[in-house]
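Scroll down for the structure; my scribbles are underneath it.
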There are 4 protein chains.
Amino acid sequence: MTTDRPLQLGMVGLGRMGANLTRRLMRDGHRCVVNDIAPAAVATLVSEGATGAASLAELVGALERPRAVWLMLPAAIVQSTLDRLAELLDEGDTVIDGGNSYYRDDITRAQRLAPRGIHYVDCGTSGGVWGLERGYCLMIGGPEEAVRRLDPIFRTIAPGPGYAEPTPGRTRTGGTAPEGYLHCGPSGAGHFVKMVHNGVEYGMMAAIAEGLSIIAHAGVGKGEQSVDAETTPLRDPQAYQYDIDVAEVAEVWRRGSVVGSWLVDLTADALARSPRLDDFAGRVSDSGEGRWTVLAAVDEGVPAPVITAALQERFASRGQGEFTGKLLSAMRGEFGGHVEKGRS
Amino acid sequence: MTTDRPLQLGMVGLGRMGANLTRRLMRDGHRCVVNDIAPAAVATLVSEGATGAASLAELVGALERPRAVWLMLPAAIVQSTLDRLAELLDEGDTVIDGGNSYYRDDITRAQRLAPRGIHYVDCGTSGGVWGLERGYCLMIGGPEEAVRRLDPIFRTIAPGPGYAEPTPGRTRTGGTAPEGYLHCGPSGAGHFVKMVHNGVEYGMMAAIAEGLSIIAHAGVGKGEQSVDAETTPLRDPQAYQYDIDVAEVAEVWRRGSVVGSWLVDLTADALARSPRLDDFAGRVSDSGEGRWTVLAAVDEGVPAPVITAALQERFASRGQGEFTGKLLSAMRGEFGGHVEKGRS
Amino acid sequence: MTTDRPLQLGMVGLGRMGANLTRRLMRDGHRCVVNDIAPAAVATLVSEGATGAASLAELVGALERPRAVWLMLPAAIVQSTLDRLAELLDEGDTVIDGGNSYYRDDITRAQRLAPRGIHYVDCGTSGGVWGLERGYCLMIGGPEEAVRRLDPIFRTIAPGPGYAEPTPGRTRTGGTAPEGYLHCGPSGAGHFVKMVHNGVEYGMMAAIAEGLSIIAHAGVGKGEQSVDAETTPLRDPQAYQYDIDVAEVAEVWRRGSVVGSWLVDLTADALARSPRLDDFAGRVSDSGEGRWTVLAAVDEGVPAPVITAALQERFASRGQGEFTGKLLSAMRGEFGGHVEKGRS
Amino acid sequence: MTTDRPLQLGMVGLGRMGANLTRRLMRDGHRCVVNDIAPAAVATLVSEGATGAASLAELVGALERPRAVWLMLPAAIVQSTLDRLAELLDEGDTVIDGGNSYYRDDITRAQRLAPRGIHYVDCGTSGGVWGLERGYCLMIGGPEEAVRRLDPIFRTIAPGPGYAEPTPGRTRTGGTAPEGYLHCGPSGAGHFVKMVHNGVEYGMMAAIAEGLSIIAHAGVGKGEQSVDAETTPLRDPQAYQYDIDVAEVAEVWRRGSVVGSWLVDLTADALARSPRLDDFAGRVSDSGEGRWTVLAAVDEGVPAPVITAALQERFASRGQGEFTGKLLSAMRGEFGGHVEKGRS
């Protein structure tokens, strides 16, 4: 993974992701200048070899031109940070937004910075807490020239070709995708692909979780069946008498099965640690990309029922379908005199 | 609605539906012999003109041959009652199952009774608590001869041609559909159509409820937006500043709109009585036909995403997606170090 | 329906909807000045009593102040027409957009016109080709004062209280919803409610269509079952032997059933005219409101799986899932050596 | 992978799966007697070291007691083969069904064979064309004793512990899941888990395919926008101007991303071979397990919207939503005078 062309990079935002990116870069010989609102976060990285900067101005001052500054920030504060940073940069400098910005914002930002000769690169970064060791999958958008100049940075951050077997049918030579990073297109293309990546992630996660839930409920025929006008008894209770170890199912699916995946690996790990998942209430967050993926599918007119269902399942898990449910029960009461179960 | 061919009918099961069917029949001159496990229910109908029977045997004994006995029972006890009843019947008699049996059971039951010359008619009955006055929509399956002999019964129970304007494009003369009852086909066909009817009902109900819920949440931009790594702020809060009266929306949709329907009428009524639906927790029951409709669609290979989503939305409303949600939160914790919101 | 307070209104756009609105207004004593890009459309309305205008300027000139101008135009040309019209209007005048504009555009338009004292009212109009006789359901947004001044116009266009039975549980007196029109809130609220109305419409239509399709395929067990490694034979072909008359099912559902609705009325009519629907290929258009409803649900975080599925089913009906399907077949070929059926 | 306890096994059905299982077993020292309706298939395996059998009787005759016979057959002919085979077996013998039988059939079959002392083991087998080298993931159901006796067989067929990194959180010692095979429970449990596995597979495949399709359509804003009453123009065509290399996206997702999986590996391979997938029409087969998974979810009342959507998307891809689409277009024509696009 060693590069013979070390570069200098400013890193703004030293949360889990930003800190680990910095570490991975320094391990490979790149020099990093780091900034964060939390002085302790800066101090930690300084102790590992980075140059600390107490402010954006100090960070910019510590970098040689043409500068490269990587923002690794929550989506909600990228714009304000970028505005302040842009004031400090010069023609030929490059800003990389490595967070989860909406790709439409990338288009606007790049257009605003272009007249001043500042390059804006959007870089979707996948890998989570494991990226420090595994490397991060990078989906990059922006002007060709700026992306090319940063190539040693991307190459270092990415997992590299040894991470996976070569694709047997691949005849194309060249291209950086086999190393784990890809220049997807002009401004916004990187975050567009990352956005969809997360939509795919939602769908895959849901498929795995739903399947294991069906297995976890395979003993439903053992319970007593209520007999009233509201409920039809299970027709074949004898077909649902199983008590299957869901954690072991996840474990066995890791090997040789068609669903083998990193997400199944993680699921097996979570279930090994806590077979009943008692630490969780089941209220699942969603954080932007899933929603934007659905919006894009709607705009494009492309049916994406699976990804969409995965998103809405998360909404429902947080109780956001409550009013809908109340209306349905109310309608049932109106036409059938049904009283909602559990009510008297 | 008066018929000039009054018949005699035995009614077993005097719940809301059975009692009202009996009343509607008696109003039109038919003679009814009634039975129920609750003596008080029998006494009430006797006071309104019916002949009471303390047992199935007494009911059968009070009917002239060829007898007609209508079962109006919860699905869970139809089979056992039918078994006992069948012992008491003779060749040429007819049993009508007016409840919500699974159509596959109809096929089996008809086959078992046929060798003894007993006719079995399955009759899906829609109309709910309003049927006494409005009449009931009847979807009928079974042998031609038995269905034809019971025509005066069905004609009395159905709403009749005056219920709705004639269909403009209809050129076919004859047929009973414009009166509100239909012989759909051989054994099981009636309950098959009723089953799908309920599936359609699920879908329509859900469409209305979801839409009104979207309107009820049209002020979501007024709230404070949380700003953290987990949550992307609403991009356009100014587009969600409405405080719309959902009850009045339902009321206005009743007139002239494309979604005008009995279900919207009922929704408007429910919201007029309780604008916030505080009497409901939003845990929506489902009672067999919706599930069977989905199973039929799957067997047929017909995509039915809307009806299916409506069914699963009910499952979710009752918290049955909890394990799935826990798994999703656990996976998020594994790859992103995300802690489920509300947890520490 | 006669009003004692006739008003004057300019109508721009004399397509089916605009022409019929004009007719309904004139029948009730209102005076209409009409404009359309097609002179013949103007001439027709003039022959029925309207005042013709060959241009927007002429139309504005023919109206007394404060003027009221109703735009009934395809969404794509509303903005350009409004821009030209606004140049001609004076303080105190009102523009009503009666088409299917996106409610967000209403907010922007109202804000732009407000400094000049021109009122902008957004009015979602449902009723289709039947509205001339039945009246139109109106969902109105905009400033209180302008909406109140136009009340006689809205009252004439709406179906009126006789259209449907009063809602039994309604205790509120006053309010215009029982007449079929409703001021839903400030700018955009009318089109927001109309947008969701159309989303509900998509869901209800899909529920009906899916259900009847399941019934239409109830004879699938009669066909020969292919036996190969790719296909599992239907387990219970004997349960799918029906040949049910779908048109008669739609007809019978019109009377007394829970799914009774204007959409079922229309479905029965369509099937009466063409039982096999041979005039249609099944490629279903969607026209904006359904998409926007889904976007709103996603922004609000409200699960709307049924409305969303209805939208995506339309996308799929037009073949827009083709690339997805190709990828799925390609994956199956990769892991299982499966050849897509119909290929060799 | 070498076992020190070689066993003897009869293999019936020498298609791709049966042949490769046999090869993998023989490589590890087990002795195989093979049968197929195609003599050439038997001859091939004989040339590789197996003992050939021209009939089931010959196969049974060539095995020492207690015998073990593995059926690797299309679901449609398992029952008839099993019936004939059972006639030839003795007390203490075991039949393994390694195909894709419905788990309910396993329950019935095991019950029928039990009185004669014949063990029935159901074994879901995942791995496809790659299993010979990678090993097969085995999900096993049936009586403890029979499963334990066959352990060396399962161990050989499974991928083994080296296939994947150990699960970090796993503290449990013992258990065979880390080797890639699992005794899931009593009769039917193996095929139940395999059934759900395939349901999960459907969902994951669909998530990937939908996501890549959204990326493939990211240039939709470049096209001309039609402007008519039926179609709302794309609001932000400038946000859909991308021309992204879908094959390279699949390739880059293989490394370090959250969606990394065998299915993404296969997708990258398929796209490398044929970037536009011109060999496929997009009509996606489904073969039983996906359907049964949905039926189980419905029976259990567990919401599984993602897996269900994936199944129905396949139905739709084969044109099975055509009647639904025709009805929708017919309804649109009724209420709006809309003519289906492409029609005149």
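No experiment lies behind these values; they were computed from the predicted model shown. Chain letters run A, B, ... following the sequence lines, proteins first, then strands; residues in each count from 1.
Here salt bridge (Lys or Arg N to Asp or Glu O under 4.0 Å) pairs that include residues 262-273 of chain B, with residues two or more places apart or in two chains, are A:E334-B:R273, B:R254-B:D265, B:D269-B:R273.
For the residue pair B:V252 and C:G180, the shortest heavy atom distance occurs at CG2-C, 3.3 Å. Nearest heavy-atom pair, B:S257 versus C:S126, reported as atom, atom and distance to 0.1 Å: CA-OG, 3.5 Å. Nearest heavy-atom pair, B:Y163 versus C:R255, reported as atom, atom and distance to 0.1 Å: CD2-CA, 3.5 Å. Taking both residues in full, the closest heavy atoms of C:I244 and B:C184 are given as CG1-O, 3.8 Å, listed atom of the first, atom of the second, then distance. Closest heavy-atom contact between C:Y240 and B:D299: OH-OD2, 2.8 Å. When all heavy atoms of C:A206 and B:V306 are compared, the pair lying nearest together is CB-CG2, 3.6 Å.
Of the listed residues (C:P168, C:G203, C:G199, C:G135), the greatest number of heavy-atom pairs within a distance under 4.5 Å of chain B belongs to C:P168. When C:D236, C:T308, C:D243 are compared by the number of non-hydrogen pairs under 4.5 Å with chain B, C:D236 comes out ahead. Highest contact tally toward chain C, considering only B:A218, B:A310, B:G301, is held by B:A218 [criterion: heavy-atom pairs under 4.5 Å]. The choice from B:S261, B:P178, B:A268, B:G175 that makes the most heavy-atom pairs within less than 4.5 Å of chain C is B:P178. Note: C:A164 leads C:G160, C:S274, C:A164, C:G185 in heavy-atom pairs under 4.5 Å with chain B. Looking only at heavy-atom pairs under 4.5 Å with chain B, the residue among C:P303, C:G211, C:A239 that has the most is C:A239. Taking B:V196, B:T176, B:I214, B:N198 one by one and counting their heavy-atom pairs under 4.5 Å with chain C, the maximum is reached by B:I214. Note: B:R104 leads B:R134, B:E201, B:R104 in heavy-atom pairs under 4.5 Å with chain C. If you tally non-hydrogen atom pairs under 4.5 Å between each of C:A309, C:A304, C:G127 and chain B, the highest count goes to C:A304. Heavy-atom pairs under 4.5 Å with chain B peak, among C:G256, C:A296, C:A272, C:A270, at C:G256.
Of the inter-residue distances, the one linking B:I208 atom CD1 with C:H197 atom NE2 reads 10.5 Å to the nearest 0.5 angstrom. Here the straight-line distance linking atom CD of C:E300 with atom OG of B:S213 works out to 7.5 Å at 0.5 Å rounding. Interatomic distance, B:R170 CZ to C:L271 CG, rounded to the nearest 0.5 Å: 11.0 Å.
For C:P166, the part lying near chain B is the backbone, with the side chain staying farther off; criterion is any non-hydrogen pair under 4.5 Å. Neither the backbone nor the side chain of C:L266 comes within contact range of chain B; no heavy atom of the residue lies under 4.5 Å from a heavy atom of that chain. For C:Q241, no part sits under 4.5 Å from any heavy atom of chain B, backbone or side chain. Contacts between C:M195 and chain B at a heavy-atom distance below 4.5 Å are absent for every atom of the residue. Only the backbone of C:S187 comes within less than 4.5 Å of a heavy atom of chain B; no side-chain atom from C-beta onward does. In this structure, the portion of C:I107 lying under 4.5 Å from any heavy atom of chain B is its side chain and not its backbone. B:M205 does not touch chain C: none of its heavy atoms, backbone or side chain, sits under 4.5 Å away.
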Quick one, B:V302 with C:E210, criterion side chain to side chain contact (heavy atoms under 4.5 Å, CB included). Give me CA distance, side-chain angles, the key distance, then yes/no. CA-CA 8 Å; B:V302 170; C:E210 288 177 10; over 6 Å; no
Please report the C-alpha distance between B:M204 and C:L263 in whole Å, then the side-chain angles of each, then the deciding distance to 0.1 Å, and finally whether the side chain to side chain contact (heavy atoms under 4.5 Å, CB included) criterion is met. CA-CA 11 Å; B:M204 290 175 67; C:L263 284 165; over 6 Å; no
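Taking the six-membered ring where the residue is Trp, B:F192 and C:Y242 present tilted rings, their angle falling between 30° and 60°.
Remark: C:R172 pairs with B:D245, B:E248 by the salt bridge (charged side-chain N to carboxylate O under 4.0 Å, His left out) rule, at least two apart or across chains.
Using a 4.5 Å cut-off on side-chain heavy atoms (C-beta onward), B:Q312 and C:P305 make no contact.
Between the B:Y202 side chain and the C:A207 main chain, no donor and acceptor come within less than 3.5 Å of each other.
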